[in-house]
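Every number for a ligand or one of its atoms is a count from 1 in the order of the listing. Please read all numbers here as calculations on a predicted model, not as lab measurements. For this chain, numbers begin at 1 and follow the sequence in order.
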Amino acid sequence: MSARDDTAPVTLHLDRVPGVLGRIVHERAADYAAADAALGAARARSHRFETALRQPGLSLIAEVKRASPSQGVIAPLEPLEAARAYEAGGARAISVLTEPRHFDGTAQALRDVVGGVTVPALRKDFVVHPAMLREAAEWGASAALLMVSVLHEATAEYLRMAHHLGLDALVEVHDERELDIALAAGAPIIGVNNRDLTTLHIDLEVSPRLIRRARDAGFTGVLVAESGYRTPQDLASVRELADAVLVGSSLAGSGDLTRAARDLMRA
Ligand SMILES: O=C(O)c1ccccc1NCC(=O)[C@H](O)[C@H](O)COP(=O)(O)O
């Protein structure tokens, strides 16, 4: 698959992104305004993240999440210790927030997790510049998050860039229009976020609704239900529909990450 290289970044229309999310992506765009957009040489894709999520049963992507706009401070997690605890609790992948202002994330957190666990790691950030994908690959991530609510029509181009760098991409959507963009972009892994990132309101009906729509449209890729899951009962509506679930706050704030991960995923 061809990828652009050594050219200017694709123009994003971040003024269309409202609310909390709009504020965060403007800050991230400023952080990377002077960054080099060159991707460098193509890297082979291992598909480690995708393969981990395709295992039988509902896979857990457990998130190292120390803080968030909805909760404020969640827990002073040491990232590698947290990731190892999640892995011991059965997590098949680890999501690591690298956004510093609202989520208390760091690049070092991702590097530490990559170096210290055997399961693949996702760079969870607000990707608004190709350099953020290049960094994810350099730091050893297996995958990066791409949000349709931020990238809109540039989603396909960012997906091509992620693949050029050897990364899988979790292409995130929250409504029917965004799902259609993800499907048209040819995303192999689609995440449905129950949280409206402009208002922070959570609706656990969003994931089953959009996952059904994706399957009805003939999508055979990986589907991930994201956000707001606290109990095994919460997972009932996606257990037979989704391939994986992405969980942060309820595990991170539990005090016993291994046990919380095991208890949550118990059928
Ligand atoms: O979590 C937030 O408050 C938030 C606010 C603004 C943008 C993104 C945000 N979270 C990103 C996520 O979607 C979650 O970290 C992830 O899906 C896990 O959700 P949860 O289990 O509810 O922590």
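Here Phe126 and Tyr32 keep their ring centres 6.0 angstrom or further from each other.
With sequence neighbours excluded, the residues forming a side chain to side chain contact (heavy atoms under 4.5 Å, CB included) with Ala214 are Leu179, Phe219, Leu223, listed by chain and number. A search for side-chain hydrogen bond (donor to acceptor under 3.5 Å, both in side chains) contacts involving Arg54 returns Glu50, not counting sequence neighbours. Remark: Glu81 engages no residue in a salt bridge (Lys or Arg N to Asp or Glu O under 4.0 Å) (not counting sequence neighbours).
Judged by distance alone, the side chain of Asn194 and the main-chain N or O of Ser227 form a donor-acceptor pair under 3.5 Å.
Summarising the geometry of Val114 relative to Ala121, their closest heavy-atom pair is CG2-CB, 3.9 Å, with the distance given to 0.1 Å.
Listed by chain and number, residues touching ligand 1 at under 4.0 Å (heavy atoms only) are Glu63, Lys65, Ser68, Pro69, Ser70, Phe103, Lys124, Phe126, Asn193, Arg195, Leu197, Leu200, Glu226, Ser227, Gly228, Leu246, Val247, Gly248, Ser249.
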